[in-house]
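If you're wondering where the values come from, they're calculated on a predicted model, not measured in any experiment. In what follows, every chain begins at residue 1, and chains take the letters A, B, ... in the order their sequences are listed.
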Protein chains: 2
Amino acid sequence: MVAGPLPAPSGPGKDRLRLWVRLLRASRSIEAELRERLRQEFNTTLPRFDVMAALYRVPEGMLMSDLSRFLLVSNGNVTGIVDRLVSEGLVARARRNGDRRTSMVRLTEEGSKAFAVIAAAHESWIGELLGNVSEDEARRLTGMLNSFRSNWEGRE
Amino acid sequence: MVAGPLPAPSGPGKDRLRLWVRLLRASRSIEAELRERLRQEFNTTLPRFDVMAALYRVPEGMLMSDLSRFLLVSNGNVTGIVDRLVSEGLVARARRNGDRRTSMVRLTEEGSKAFAVIAAAHESWIGELLGNVSEDEARRLTGMLNSFRSNWEGRE
DNA sequence: GTAAATTATTTCAAGCTTGAAGTTTCATAA
DNA sequence: TTATGAAACTTCAAGCTTGAAATAATTTAC
């Protein structure tokens, strides 16, 4: 047990606050479960998975800064994760002729094959973890989440 | 711009997958914004805020393990955050007579005062960031999030 | 009563994450 | 040109996070 019965907060704005708390708890629990399974079954991590998922959609590769923007994490962060993926042979950096500051980052053949397997498992896990949500309900929830996205997106 | 036009994925389960992606992006963007503001305006962090928020509701304090369960983070994690809060004088550990393994963790007077101020700002930030959601819509979304919680909650 | 199992917590190494500072390369313009 | 500034990355220190191992105290089973 934890922390006794809470007095339900009330007042203006409390419903938004409650929504935020739920949203956060939902994504944290699901993330924790995914992280655990990725570790157990594929000996990898969520950040590595995220990077590979981003790259998988774009065979020609992405710039580090695009990767960072897309994943909503800092530049330095991506550097470290990509370093590790490179050392595992799943990702490659390719210097570009045009601009020597940048490098195209892409999945290797091996990385691409590995990701396809993990992604299939990942999708079925999501199906399982969100099993209580009908496909129809999922679409409506997605729509509602979209509808208030503009309020903070592209802020930082 | 990033990563060209994506082919919209389709097939069984794709709507749940898309919902998960939206959920994750929503909570990550909001989290990033909150973290930034907590740092800028109060020189603190989200994990510290979370711990203080949990303790604020329970004047008599919580056990480390309850804190960890409540916040959905590991035991060792809480130890570090509480250590830092203690060294800042915002939180205190109290040994218990009954069970010498455990200690009650609670906000100090100073911690409680500090938190009240931060929490007020936090709530207004949420109101602002979720401004596009009407209170009514917030209640409905919260309900939908509740409805599929049971599927994974209490798993790990 | 005492050995064994359980529970509460801390410690630790490895990895993730950020924001700031530093490096290299490119673009602009006097 | 060549300085000046901007852009793409990397490096770094500090903090967050996890899972596993270690410690200490309590409970259970015999």
Check your understanding: When the aromatic ring centroids of B:Phe49 and B:Phe42 are compared, is their separation below 6.0 Å?
Key ->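 Centroid separation for B:Phe49 and B:Phe42: 6.0 Å or greater.
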Check your understanding: For DNA chain C, whose closest nucleotide is more 5', that of A:Thr45 or that of A:Asp99?
Key ->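 Checking each residue's closest nucleotide, the 5'-ward one belongs to A:Thr45.
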Review point. Of A:Gly98 and A:Arg84, whose nearest nucleotide on DNA chain C comes first from the 5' end?
Key: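 Closest to the 5' end, via its nearest nucleotide, is A:Arg84.
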Categorize [X] for me: base, sugar-phosphate, or nothing, with a 4.0 angstrom heavy-atom threshold over every strand shown.
X       : answer
B:Leu63 : sugar-phosphate
B:Glu31 : nothing
B:Gln40 : nothing
B:Arg95 : nothing
A:Arg96 : nothing
A:Arg93 : sugar-phosphate

Mind jotting down which residue pairs meet the salt bridge (charged side-chain N to carboxylate O under 4.0 Å, His left out) criterion with at least one end in [range]? Sequence neighbours excluded, please.
range                       : result
residues 94-103 of chain B  : B:Asp99-B:Arg101
residues 106-121 of chain A : none
residues 41-53 of chain B   : A:Arg28-B:Asp50, B:Arg48-B:Glu88

**Study point:** Counterpart residues, salt bridge (Lys or Arg N to Asp or Glu O under 4.0 Å), relative to B:Arg139 (two or more places apart)
**Key:**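 Once residues adjacent in sequence are excluded, the partners of B:Arg139 under the salt bridge (Lys or Arg N to Asp or Glu O under 4.0 Å) criterion are A:Asp15, B:Asp136.
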Exercise for review: List in numerical order all residues of residues 73-81 of chain A for which some heavy atom is under 4.0 Å away from an atom belonging to DNA chain C.
Suggested key: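 By residue number: A:Val73, A:Ser74, A:Gly76, A:Asn77, A:Ile81.
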Exercise for review: Would you mind listing the cluster partners of A:Leu63? Hydrophobic ones only (ILVMFWY), side-chain contacts under 4.5 Å, chaining allowed.
Suggested key: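 Hydrophobic cluster check, A:Leu63: joined to A:Met104.
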Exercise for review: Identify the 5'-most and 3'-most nucleotides of DNA chain C with at least one atom closer than 4.0 Å to a non-hydrogen atom of chain B.
Suggested key: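 With heavy atoms of chain B under 4.0 Å away, the range is C:dT7 to C:dA20.
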**Study point:** Rounded interatomic separation in angstrom, taking CG from A:Leu67 and P from D:dA8
**Key:**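 Answer to the nearest Å: 14 Å.
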Review point. Separation of B:Arg101 atom CZ from D:dA25 atom P, in whole Å?
Key: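 Interatomic distance, CZ of B:Arg101 to P of D:dA25: 10 Å.
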Exercise for review: Tell whether B:Arg100 reaches the base of D:dA25 with its side chain through a donor-acceptor pair below 3.5 angstrom.
Suggested key: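 Answer no: no donor N or O sits under 3.5 Å from an acceptor.
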Anything under 3.5 Å between a donor and an acceptor, one on a side chain of residues 75-86 of chain A, the other on a protein residue two or more places apart or in another chain? List them.
| from | atom 1 | to | atom 2 | distance (Å) |
| --- | --- | --- | --- | --- |
| A:Thr79 | OG1 | A:Asn75 | O | 3.4 |
| A:Asp83 | OD1 | A:Arg93 | NH1 | 3.0 |
| A:Asp83 | OD1 | A:Arg93 | NH2 | 3.0 |

Practice item. Supply the atom-to-atom distance A:Thr142 OG1 to B:Arg18 CZ, rounded to the nearest 0.5 angstrom. Key: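 Going from OG1 on A:Thr142 over to CZ on B:Arg18, the span is 7.0 Å.
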**Study point:** Residues which pass side-chain contact (heavy atoms from CB on, under 4.5 Å) with B:Ser124, listed by chain and number, not counting sequence neighbours
**Key:**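 Scan of B:Ser124 (side-chain contact (heavy atoms from CB on, under 4.5 Å), adjacent residues dropped) gives none.
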